[in-house]
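Reminder, nothing fancy here: chain letters follow the sequence lines and each chain counts from 1.
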Amino acid sequence: MVRLELDQVVIRRMKEDDIETVKALIKEGGEGTENRLILHVLTRPLCLFILAIVSSVLRCLVHSFILALAIPVFLLIIFLKITMPRATGVLGTSRPYWDYVGSSFRGAQDDTLENPYARISGKTAAAKKRRVKPKTKEEASAPPEKIDPDREEAAGQVWLADCDGEIAGCACRESEKRPGIRRICRVVVGSWYRREGLGRLLVQSLERREREVGARRIYAHVPFPSKLGEAFFRKLGYQPLGERTREEDEEEDEEVKVETAERGFLGFPLTKVYYKDLVLLAQKKFMYNYKNMRWAKGRNQTYLCFVVKRRLGPDSLSFDFGHLHNRTGCHAELLFLSHLGALCPGLWGCGGDENRRLSYSVTWFCSWSPCANCAATLARFLRLTPNLRLRIFVARLYFCDVEDSPHREGLRNLRRAGVLVNVMSYKDYFYCWQTFVAHRLSRFKAWEGLHTNSVRLSRTLNRILQPCETEDLRDAFRLIGLLT
DNA sequence: ATTTTCAAT
């Protein structure tokens, strides 16, 4: 295991010199996956059944029982070994071959992705960039051959994680077939560099880049039985396609049809499709879920829009934003916490300098206020991370009507943990609309009674938090010695 | 005046 300095990693486009290294890397990454995939196909009931039939037929011809059993299995394995990588590109591609030459970068200036760790430690990774090893062949001096831009476009892009001249990992972005929709595939980290957050760094940097150039959704096809791959993408905020509720949206069904899993031998799906919406919330969804009317019927979901600001000093600030909603069995707040590690690199001191204390300020806009449970978890969590500040704006209060509601206590609990809880007002709605919603240049239109509802809820919230304030005051008095 | 709330089929 090599200890990685994540802030020293340069993420750059693959060049023609790198092709052989990358091929080896992908082959290395593909091996385990391929074997697992074959095992997966072999153990499907239908496949076992067919194998059994073939074996019994063979038994009539061959005397040896063992042979009759082994031959079909053996042949099938050979068959799969040969056809599998061709029929379905392993590691989540749809293409049998990757056009390495077409996808390699031939610009004069290095094209690199922003590395969030690099900014934390303050050193610019680019400054330490090593020169590419000079080629041994004479064509090194020759200008690179011109390649058809169409071919380049079709080939997609390969990005490499360059650790001090060593290629430690790669991730590919396929060509854009539909506007705004991207697909990431072939995410491989060399076996010496695993479990250090390099894959995450690669995928997240790539996401950031794609978002900047207008992508709205990213797909990742995870080879089927890969628990590791699934966990990896889930952790980065991806979710499996077609696992959502019925009323969620109609467009989902369309997507399932368009973006289907690769199917191989006997039509077994070989990949599981994960996706992530990069930024924007649909107008209808935002309006429906954040409406602060008194009787919010049917809002059986909680949406959470967040802004994560990273602060290194008074003049260094970067921010990230997005939205998520609860999944079955997991409230949106806890879901956010599970993504926190990815959103706040270095929150627990990894990758950052000890003497440079970086701090995060997180703002949430929730359609429902947190429940007692989430509040308790959050409060516990925040006590462990003093360099994380949380502000919560809520559209509506969750089950807070009765005086002795545990959720009321939960809100006070949050308050005591130093969280600022507020009810969303017009300007917060306006900000959300500008920031999280695909507004397409239309301005936020307030609904009837937004203001009055907001004021009413705000009063309620203040009443709920009142005991807290007095307690704070008591603390303050105690501090200055007026109270014992 | 009265509706409802991080679903369950």
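When rounded to the nearest whole Å, the span between CZ of Phe399(A) and P of dC6(B) equals 6 Å. Spacing between atom CZ of Arg294(A) and atom C1' of dA1(B) amounts to 12 Å, rounded to whole angstrom units. Rounded to whole Å, the distance from OH on Tyr290(A) to P on dT4(B) is 23 Å. Going from atom NE2 of His407(A) over to atom C1' of dT4(B) covers 13 Å, rounded to whole Å. Rounded to whole Å, atom C1' of dT5(B) lies 13 Å from atom CD1 of Ile464(A). Rounded to whole Å, atom P of dT5(B) lies 13 Å from atom CG of Asn326(A). Here the C1' atom of nucleotide dT5(B) and the CD atom of Glu333(A) are 13 Å apart, to the nearest Å. Per the geometry, NE2 belonging to His325(A) stands 14 Å off C1' belonging to dA7(B), to the nearest Å.
Comparing Asp401(A) and Gly329(A), the nucleotide of DNA chain B nearest to each residue sits closer to the 5' end for Asp401(A).
For the side-chain hydrogen bond (donor to acceptor under 3.5 Å, both in side chains) test, no residue two or more places apart in sequence or in another chain qualifies with Arg311(A). Considering only residues two or more places apart in sequence or on other chains, Arg474(A) meets the side-chain hydrogen bond (donor to acceptor under 3.5 Å, both in side chains) condition with none of them.
Around the CZ atom of Phe321(A), the shell of radius 6.0 Å holds more than 12 heavy atoms that belong to other residues, nucleotides or ligands.
Within residues 369-379 of chain A, the residues having any heavy atom under 4.0 Å from DNA chain B are, by residue number, Ser369(A), Pro370(A), Cys371(A).
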May I have the list of side-chain donor-acceptor pairs in residues 373-384 of chain A shorter than 3.5 Å, sequence neighbours left out?
{"unit_1": "Thr377(A)", "atom_1": "OG1", "unit_2": "Asn373(A)", "atom_2": "O", "d": "3.0"}

Throw together a table of side-chain donor-acceptor distances under 3.5 angstrom for residues 221-233 of chain A, partners on residues two or more places apart or in other chains.
{"unit_1": "His221(A)", "atom_1": "NE2", "unit_2": "Arg183(A)", "atom_2": "NE", "d": "3.2"}
{"unit_1": "His221(A)", "atom_1": "NE2", "unit_2": "Arg183(A)", "atom_2": "NH2", "d": "3.0"}
{"unit_1": "His221(A)", "atom_1": "NE2", "unit_2": "Glu259(A)", "atom_2": "OE2", "d": "2.9"}
{"unit_1": "Ser226(A)", "atom_1": "OG", "unit_2": "Gly229(A)", "atom_2": "N", "d": "2.9"}
{"unit_1": "Glu230(A)", "atom_1": "OE1", "unit_2": "Tyr274(A)", "atom_2": "OH", "d": "3.3"}

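dT9(B) and dT5(B) have their P atoms separated by 16 Å, with the value rounded to a whole Å.
For the OP1/OP2 pair of dA8(B) and a distance below 4.0 Å, the side-chain nitrogens and oxygens of Asn300(A) include no atom meeting the criterion.
With respect to the salt-bridge test (charged N to carboxylate O, under 4.0 angstrom), the residues Glu403(A) and Arg408(A) qualify.
Within the structure, the salt bridge (Lys or Arg N to Asp or Glu O under 4.0 Å) test picks out the following pairs touching residues 410-430 of chain A (sequence neighbours left out): Glu409(A)-Arg412(A), Glu409(A)-Arg416(A), Arg415(A)-Glu469(A).
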